[in-house]
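Note sheet for the following structure.
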Amino acid sequence: MSGDTRRIAVIGGGPGGLYAAALLKRLGPERDITVWERNAPDDTFGFGVVLSDETLGGIEHADPVVYAALRDEFVRWDTIDIVHRGRTETSGGHGFAALGRRRLLEILHARCRSLGVRLHFRTGAPPAAELAADHDLVIAADGVHSATREAHADVFRPRIDTHRNRYIWLAADFALDAFRFEIAETEYGVMQLHGYPFSAHASTVIVEMREEVWRAAGLDLCDPVESTERCAKIFTEALDGRPLRSNRSSWLTFATVVNERWSHGNTVLIGDAAHTAHFSIGSGTKLAVEDALALAACIEEQPDLPTALSAYETERRPVVASTQRAAAASLRWFEELDTYLDQPPRRFAFNLLTRSRRVTHDNLRLRDPAFTGAVEEEFGCPPGTPPMFTPLRLRGLELRNRVVVSPMDMYSATDGLPGDFHLVHLGARALGGAGLTMTEMVCVSPEGRITPGCAGLYTDEQAAAWTRIVDFVHEGAPGAAIGVQLGHSGRKGSTKLMWEGIDQPLDHGNWPLSAASPIPYAPGVNQVPQALDRAGLDAVREQFTAAARRAADCGFDLLELHCAHGYLLSGFLSPLTNHRTDAYGGPLENRLRFPLEVFDAVRAHWPADRPMTVRVSATDWADGGTSPEDALGIARAFADHGADAIDVSTGQVVPEERPEYGRSYQTPFADRIRNTLGVPVIAVGAISSWDDVNSLLLAGRADLCALARPHLYDPHWTLHAAAEQGYHGPGASWPLPYRAGSRTPPAGRTDAPKPRLTLN
């Protein structure tokens, strides 16, 4: 136990601060602990609190007295109702526990007093720096507007992002019988209700809408009483005509708080002072209570305070980051709610339930198989067929399943010539069951290569080598399709192989580069490209069409035009890399001009019955780059010109990018394009499990899912996904020589006799 924590100050008397005080006093009765709360004991600005079974388990283990008091108060339910356009979809098996926030505070007040913690109400705490001078530990639990955090912003380095929706916390004096989401399509725009019971006689009701809807409805001009009355009228059916009440409620915009550090000397942040996560995943109180548990445990386990605070942050950061990613996905879903309104009813409900990616197809199938089965039927899954093994038709090509082996540069060609490595690499993945196997970016000219090891399709010898690979796929893996991705490196060319120095120029043998504008990829590192003039533009377009003709002769089933990742065509699309002042620069319409000219030329030489897709970077992850509106405009333009699907990637356009990495982190961009424009999309980016694939497809966020690294780890990823789901059907056909391996091998003896008697 940290021996230097005898005198402790807690700033903020919310659940996190109170619970931390109670735990630390219980673990060290000799400690002198004081809590300062500027509000009255019964002041609270919310109504109900939802806690997970995981959090309750931690409370039960750490403090059975608090747990027992909470257990007696909880309202429990397991269903979610989603009401949209007069239809209610119900999903069960979820398991919630809630109680009133005021009652939670009363329980924690009583526990603190019984242990000897001093509670000061209606009293602002002295500044943290002053407390830190005469206390061993200062716990700043002073909320989203933390004065402690702001006073030491140079150390904590907070980042606070506000969002697009307005919301208000209200209550109803009756208990809803489920967690309820209700959508109202008003003359002003879309509004939504989040509601749940927190006692036998009361429910929390949150009303939320986009800022522009809030203003159009005149709610920005309403006082709290008027706002409450109008919300009750809008959702009168959900409330059965009963009123709502407020508690000094006001319209808010949610702020996501992230801090680079959580401690400063002997001062530590917990709860909303350290981090926030959107209320739509019910996480604020949960995170604060879990912070308190972890902080108390680390102080108990570690030999000194600096080590304890470091251990606390190390333990909690990954958990909080994961929760914030889920909350951000949920928040964005509600911000973009209007794009999903026309989905079929069950798909809409499934989409809402899986919006944060914490609830997935697989665990929802376990929670409520009847509901999930109905969604699958609406989607068009044949009986007993997971969504990923449902076929998809693009023009004359029917893909047997929705899995794509994403293009992956192998840097293993010689003078652009694919060899045995490519035959084995692509052939193995086609044998592995994917519906579509994509080549790496195949370059349309020698100077269009990224590295000396990049494959090309600019000679007849290369075409013959690709024909050999295509023929093997079609003959060795019947039903599998193979696609070619054509591209030109632009300003990112003439670099070393990836493992020799990614994006680093060659030591010798460099070739000249061309691009939209004379801007090097990394100034002072990469060479300055030549801006393409009229003759250069025409030459590049002809290189693409010549490669497309060869690709058609090779027998490729699909052609993808690479307009992403900062390569030549992408360089025209992004305002960060296109500084032209002619007809090919400036507004998006002009920046699209040359990529569309290339697309049209390729489409004219590509067989009419074979599909074409386009890969785009939907964001540059950098200020001043491709905007969300640009991404929609780019996708719309290619679709209008005949693209059969948009392959939605992000980034790799400028080296100063700051991607928001995480599971399925690029799929929201595909989702937005699909559900705004109605264009088929391929989702990519850290999709790693078959459960993710099924979830994205069934929710209508993607039509195909492209996976890269999982196919490097396991060439038979798709067939193994079928085996793990118990699927045996045309969507995952095992090659005859491999059929004996279609069942998981036994892992060891499992038939040992079970104990029957216990002898004393």
Side-chain angles (χ1 to χ4, degrees), residues 336 338-343 392-399 402 404 406-407 435-436 438 481 483-487 541 544-545 548 556-565 567-570 572-574 578 584 587-620 626-650 666-685 696-697 699-706:
E336 303 293 339
D338 59 345
T339 65
Y340 304 116
L341 296 177
D342 293 328
Q343 285 189 323
L392 177 71
R393 178 169 289 277
L394 297 173
R395 295 202 183 214
L397 175 65
E398 181 166 281
L399 298 174
R402 307 297 185 97
V404 179
S406 195
L436 174 64
M438 292 298 300
V484 61
Q485 185 188 70
L486 294 183
R541 187 184 64 241
F544 272 96
T545 57
F556 283 105
D557 301 294
L558 176 147
L559 185 149
E560 179 165 282
L561 191 65
H562 201 335
C563 296
H565 299 170
Y567 298 124
L568 182 70
L569 298 180
S570 170
F572 276 85
L573 295 173
S574 172
N578 184 343
Y584 294 98
L588 179 61
E589 179 184 5
N590 287 4
R591 303 200 308 271
L592 270 162
R593 192 182 305 275
F594 183 61
L596 288 174
E597 287 178 2
V598 173
F599 179 91
D600 291 342
V602 169
R603 181 70 265 184
H605 290 84
W606 183 245
D609 63 333
R610 300 188 209 176
M612 268 188 70
T613 62
V614 178
R615 174 166 278 205
V616 301
S617 285
T619 178
D620 300 334
T626 299
S627 69
E629 291 70 29
D630 284 347
L632 289 175
I634 291 167
R636 182 186 294 110
F638 280 116
D640 289 346
H641 280 245
D644 298 288
I646 307 299
D647 187 354
V648 187
S649 187
T650 66
Q666 295 182 131
T667 59
F669 299 95
D671 181 350
R672 187 167 189 262
I673 288 171
R674 185 188 192 279
N675 286 291
T676 301
L677 304 180
V679 176
V681 299
I682 306 170
V684 305
L696 293 169
L697 295 171
R701 297 175 196 153
D703 299 275
L704 294 162
C705 290

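This structure is a prediction, so every number in the text was calculated from the model and none was measured.
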Minimum heavy-atom separation for [X] to [Y], with atom names?
| X | Y | value |
| --- | --- | --- |
| A618 | F669 | CB-CB, 3.7 Å |
| L397 | A481 | CD1-CB, 4.0 Å |
| P680 | D703 | CA-OD2, 3.1 Å |
| R395 | P611 | CD-CA, 4.1 Å |

Any donor-acceptor pair under 3.5 Å linking the side chain of [X] with the backbone of [Y]?
| X | Y | result |
| --- | --- | --- |
| N675 | G700 | yes |
| D644 | M612 | yes |
| S617 | D620 | no |
| R672 | P628 | yes |
| N578 | Y584 | yes |

Exercise for the section: Could you verify whether a donor N or O on one side chain and an acceptor N or O on the other, from R591 and T626, lie under 3.5 Å apart? Expected result: no
Handout entry: Close side-chain approach of S406 to M438, heavy-atom, < 4.5 Å
Key = no
Exercise for the section: Find out whether R402 and C705 are in side-chain contact, i.e. whether some heavy atom of one side chain is under 4.5 Å from a heavy atom of the other. Expected result: no
Between [atom1] of [X] and [atom2] of [Y], what distance do you get to the nearest 0.5 Å?
| X | Y | atom1 | atom2 | value |
| --- | --- | --- | --- | --- |
| L436 | I682 | CG | CD1 | 7.0 Å |
| L596 | L569 | CG | CG | 10.0 Å |
| C563 | F638 | SG | CZ | 4.0 Å |
| R636 | T676 | CZ | OG1 | 8.5 Å |
| T339 | I673 | OG1 | CD1 | 12.0 Å |
| L561 | L486 | CG | CG | 7.0 Å |

Handout entry: R701: salt bridge (Lys or Arg N to Asp or Glu O under 4.0 Å) partners, not counting sequence neighbours
Key = D671
Handout entry: side-chain hydrogen bond (donor to acceptor under 3.5 Å, both in side chains) pairs, two or more places apart, involving residues 602-612
Key = R549-H605
Handout entry: From CA spacing to verdict: side chain to side chain contact (heavy atoms under 4.5 Å, CB included), V616, D647
Key = CA-CA 6 Å; V616 301; D647 187 354; over 6 Å; no
Practice task
Anything under 30° is parallel, anything over 60° is perpendicular, the rest tilted; go ahead and classify Y567 against H562.
Solution key: perpendicular
Handout entry: Neighbour count >12 (heavy atoms, 6.0 Å) for atom CD, E589
Key = no
Practice task
Going by the side chain to side chain contact (heavy atoms under 4.5 Å, CB included) test, name the single residue among V648, V679, I646, V681 that passes it with R674.
Solution key: V681
